[in-house]
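Keep in mind that this is a model prediction, so the values were computed, not measured. In what follows, every chain begins at residue 1, and chains take the letters A, B, ... in the order their sequences are listed.
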There are 2 protein chains.
Amino acid sequence: MRDRTPSHSARAGRSAAVSLDIVLCTPHGRHLAVLLAHAPSGDRERWTLPWAPWRGAANDSGVDESAEQCAAAALGLRPAWMTQFGAFGDAKRHPGRAALSVGYAAVTPARERDLPLGAEWFPVTALPAVAPRHKAMIETAVAALRDRMDAAPIAFRLLPTTFTLTDLQEVYELLLGRRVHKASFRRSLQGAYLVEPTDEWRSEGRGRPAQLFRYAPRKRRSGRRGVRFELLGG
Amino acid sequence: MRDRTPSHSARAGRSAAVSLDIVLCTPHGRHLAVLLAHAPSGDRERWTLPWAPWRGAANDSGVDESAEQCAAAALGLRPAWMTQFGAFGDAKRHPGRAALSVGYAAVTPARERDLPLGAEWFPVTALPAVAPRHKAMIETAVAALRDRMDAAPIAFRLLPTTFTLTDLQEVYELLLGRRVHKASFRRSLQGAYLVEPTDEWRSEGRGRPAQLFRYAPRKRRSGRRGVRFELLGG
DNA sequence: TCAATAGTGTCTGTTAGACATTATGGA
DNA sequence: TCCATAATGTCTAACAGACACTATTGA
């Protein structure tokens, strides 16, 4: 590290304990919920994110595939969408003492199905104590979902295959953490050609029934936006 | 990995060879340039990204600090801005056979100063052959810089402390890969309160001299944007 | 004087948000 | 009937981009 030409130095010989950690999210009323698993009884915290050690690309499966397998095991089925959001390797404690933890954010629709034993959903606003590194990872993961929901179909993957436009708007509000203007939201949505109506309607108590839609992106937007400056400082 | 409750399984016992890899960028005419270092003579490719093995948080320095040290060693001074953009652990070959490579994107202004021996700038449009994993990392890093330049002062860190508005616009065009409207660009910039004028002017051949500005963010924008749908499919 | 670049004022089309209105069900 | 929710039309303010114009230097 002190060498001025690092690539001359050495092979990556010695190694570090690496974990893959999953922040799996689902809608839960007005908030997101995160999947946590019972920790072994010796642990300081009773709950942890689902995670798995990683020992290198063994059977041709890289980190991303291994993380998907870990998520599928924790949830009981494959998440609807998943992305890597960062590698954490600082002094913050990991439940498995991993030196480096690669974080994955994943989403799945709300389900009736039972979870595997020991797993449970917790609203992000009411999390139990978790290891400091897991706490940081959850915050980063939720921020990553919010930041990328305009460029990836995250909101649609948090919903079942058919949904009402109000459902969709509520998912956006839940992820963005703010209210959204209804007419404006629907205009934008229409212009983006992302959904198509089905011939089904859903009656939710009283009030006019809502039409069900499905995610069906049809057209690519030119996407030419003006230059935006959202800098806050530094 | 096959266990349904992964956190019950084990500690992160066995380990993997981890590398930190730096995609260091600077402006170079109409394009970005990336810093590459001579590879050891036994290597298949003659050039590599600056990188360093990582063996775990030794002397209280986590991955991010270690990566900064690696970047500073390769450049001869600390980069002006730096961020992690992803962890790569698939079948693609790394020059040091690292199982997992954590990638960092960094920027620095164009300099007259000499580089450390063995290091050289290459335009991203004319890169020599590098290991497949490094090729993928360079592409991801440049995309990450483009994506985040509206939320982080990346363009300003690619410039010296004082610069003309045309300089700044050219950096935006270089990162975005498209032309930008001059009057519109300056209006947006004014509204964002990000720069302040100095009392210096620079004469560039003929034509009216341009005033020099410095980066001095003063105000936070409310930032309430409407919901955007930039999805392309999938 | 001309050429070249800096910097600005005005117009127009697009769009986000506010507001109002109609539509359609259940209680 | 009344109420709640869905869905949509209209107005306005903000803004991006086009265009034209002025300003100031060197050749």
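In terms of the ring pair (Phe, Tyr, Trp, His ring centres under 6.0 Å) criterion, residue partners of B/Trp47 (sequence neighbours excluded) are, by chain and number, B/His38, B/Phe122.
Using a 4.0 Å cut-off, no side-chain N or O of B/Thr164 falls inside it from OP1 or OP2 of C/dA6. Contact annotation: B/Thr166 reaches the phosphate of C/dA6 (side-chain N/O to OP1 or OP2, under 4.0 Å).
One atom, CD of A/Glu204, and another, C1' of C/dG25, lie 13 Å apart when rounded to the nearest Å. Atom NZ of A/Lys182 and atom C1' of D/dA7 are 6 Å apart (whole Å). Note: CG (B/Leu189) to P (C/dG7) measures 12 Å, nearest angstrom. We find that CZ of A/Arg208 is positioned 18 Å from C1' of D/dC2, with the value rounded to whole Å. In this structure, A/Phe229 atom CZ and D/dC15 atom P are separated by 13 Å, rounded to whole Å. Between the CD atom of B/Gln211 and the P atom of C/dG7 there is a distance of 7 Å, given to the nearest Å. Protein atom CZ of B/Arg228 is 11 Å distant from nucleotide atom C1' of D/dC15, rounded to whole Å. Rounded to whole Å, atom P of D/dA16 lies 11 Å from atom CZ of B/Arg178.
Residue A/His181 places its side chain closer to C/dC19 than to any other of D/dA7, C/dG7, C/dC19. Looking at the side chain of B/Arg206, the nearest of the listed nucleotides C/dA3, C/dG17, D/dG17 is C/dA3. Distance from the side chain of B/Ala183 is smallest to D/dC19 among C/dG26, D/dC19, D/dA16. Nearest to the side-chain atoms of B/Ser184 among the listed nucleotides C/dG7, D/dT25, D/dG17 stands D/dG17. Residue B/Pro209 has its side chain nearest to D/dT25 when only D/dT25, C/dT24, C/dT8 are considered. With D/dA6, D/dG9, C/dG7 as the candidates, the nucleotide lying closest to the side chain of A/Ala210 is D/dA6.
A/Glu173 CD to A/Leu168 CG: the interatomic distance, rounded to the nearest 0.5 Å, is 10.0 Å.
The nearest heavy atom of DNA chain C to B/Arg187 and to B/Trp201 marks one nucleotide each, and the one closer to the 5' end goes with B/Trp201.
For the residue pair A/Thr26/A/Thr108, the side-chain donor-acceptor check at 3.5 Å is not satisfied.
The distance between the ring centers of B/Phe229 and A/Tyr172 falls below 6.0 angstrom.
Salt-bridge check for B/Arg202 with B/Asp167: passed, with a basic side-chain N closer than 4.0 Å to an acidic carboxylate O.
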